[in-house]
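Beneath this line is the structure, given in structure tokens, with notes to follow.
Predicted model, so just to flag it, every value in this text is computed and none were measured.
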Amino acid sequence: MEIDILNKEKSEYKSNPKLRVGLSYVNGNSLNNYYNTTDRKPYDTLTSSQTGSTILIDSVNSKSYYMDYNFEQIRLDASLIFSTNQKSRWSVYTGFGISAGLSLNSNSNISYYESKGIETNDQRIGIPSLNNNNFQNSERETFRNKINFGIMAYVPIGIDFRIAKKNEFWKRAHLFYELRPGINFTSIPELRTIGSASLQSGFGVRFGF
């Protein structure tokens, strides 16, 4: 929703800039990490009947953990917009804005993978590596986290198309496409505040009042 701003004398509304307010939905993956360990031990040997060369066979045990933190947020969004000629059907705009809100859902996922098998590799006699995983196991756990808080400062850059020029209702409706480069901060109660650069994009319809 766009709102016209009164001039300093409060006698009339200015056409530029405009105050834009609304709600926005944000989801993301703020943190992720990966850990892997491989244990390799001698298991057996093979002897070539043609050359008499010995090929070593190892027993290989690999364990992997993957962890990520995900969230969904509803934010209150406000921005001050400066645009080119607003009476024309097409215009471009920029400005600055801020959005802030709380999470509806936040959780941590932990995945565990384990594989066991044998591996052979002897490049001296031209035998390629061979992996034979005869055991695999995987587990996954999800933990619900506390409500987090997020805030973002951004610069809107967009293009705007007015749907109508004469109809009193539809001339207030605009189609737009917008990019939002900015800096985002998410406060995770169980951990710390995470800061990151972000680039959002959006397409939609808005109404001016």
Report yes if the side chains of Asn70 and Asn27 come closer than 4.5 Å at any heavy-atom pair, otherwise no.
no
Other than Tyr66, which residues form its hydrophobic cluster under the rule that side-chain heavy atoms must be closer than 4.5 Å?
Tyr34
Shortest non-hydrogen separation from Ala78 to Tyr154 and the atoms involved:
O-OH, 3.9 Å
Distance (rounded to the nearest 0.5 Å) between Asp160 CG and Tyr177 OH
14.5 Å
Transitive ILVMFWY side-chain link Ile163 to Val92, under 4.5 Å:
yes
More than 12 heavy atoms of other residues, nucleotides or ligands under 6.0 Å from OH of Tyr35: yes or no?
no
Where is the tightest heavy-atom contact between Ser24 and Asp77, given as atom of each residue plus distance?
OG-OD2, 4.0 Å
Heavy-atom pair with the smallest gap, counting every atom of Pro181 and Leu199
N-CD1, 3.7 Å
For the residue pair Tyr69 and Ser106, what are the closest heavy atoms and their distance?
OH-CB, 3.6 Å
Are any non-hydrogen side-chain atoms of Met152 and Val26 less than 4.5 angstrom apart?
no
Transitive ILVMFWY cluster of Ile151, excluding itself - 4.5 Å side-chain cut-off
Ile98, Leu102, Ile147, Phe149, Ile183, Phe185
Walk me through it: do Thr186 and Asn148 pass the test side chain to side chain donor-acceptor pair (under 3.5 Å)?
CA-CA 7 Å; Thr186 303; Asn148 67 35; over 6 Å; no
Would you say Leu175 ends up clustered with Leu179 if hydrophobic residues are merged whenever their side chains have heavy atoms under 4.5 Å apart, either directly or through other cluster members?
yes
What distance separates Phe71 CZ from Asn107 CG, expressed to the nearest 0.5 Å?
11.0 Å
Would you check, one step at a time, whether the test side-chain contact (heavy atoms from CB on, under 4.5 Å) holds for Tyr25 with Ile74?
CA-CA 5 Å; Tyr25 168 80; Ile74 292 294; 4.0 Å; yes
Just how far is it from atom CH2 of Trp90 to atom NE2 of His174, taken to the nearest 0.5 Å?
12.5 Å
Sorted by chain and residue number, the salt bridge (charged side-chain N to carboxylate O under 4.0 Å, His left out) partners of Asp39 (sequence neighbours excluded) come out as Lys41
How long is the gap from CD1 on Ile81 to CZ on Phe96, to the nearest 0.5 Å?
9.0 Å
Under 3.5 Å: donor-acceptor pair, side chain of Arg89, backbone of Arg162
yes
Under the side chain to side chain donor-acceptor pair (under 3.5 Å) rule, what do Arg20 and Ser79 come out as? Steps first, then yes or no, please.
CA-CA 5 Å; Arg20 188 176 67 187; Ser79 56; 3.3 Å; yes
Please check this pair: side chain of Asn36 against backbone of Lys63, looking for a donor-acceptor N/O pair closer than 3.5 Å.
yes
When you compare the side chain of Tyr113 with that of Ser62, does any pair of heavy atoms fall below 4.5 Å?
no
How long is the straight-line distance from CG of Leu76 back to CG of Leu23, given to the nearest 0.5 Å?
6.5 Å
Would you check if Lys165 and Lys171 make a side-chain contact, meaning some heavy-atom pair closer than 4.5 Å?
no
Looking only at non-hydrogen atoms, find the nearest pair between Gln73 and Ser103 and report the distance.
CG-CA, 3.7 Å
Glu178 versus Pro156, closest heavy-atom pair with distance
OE2-CB, 3.6 Å
Test item: Met67 and Leu31 side chains (from C-beta on) under 4.5 Å apart, heavy atoms
no
Applying side chain to side chain donor-acceptor pair (under 3.5 Å), run through Asn109 and Thr142 and close with a yes or a no.
CA-CA 5 Å; Asn109 300 306; Thr142 298; 2.8 Å; yes
Rounded to the nearest 0.5 Å, what's the gap from OG on Ser187 to CZ on Arg192? Could you check?
11.0 Å
Quick check: does any side chain N or O of Asn145 sit under 3.5 Å from a backbone N or O of Ser108, one acting as donor and the other as acceptor?
yes
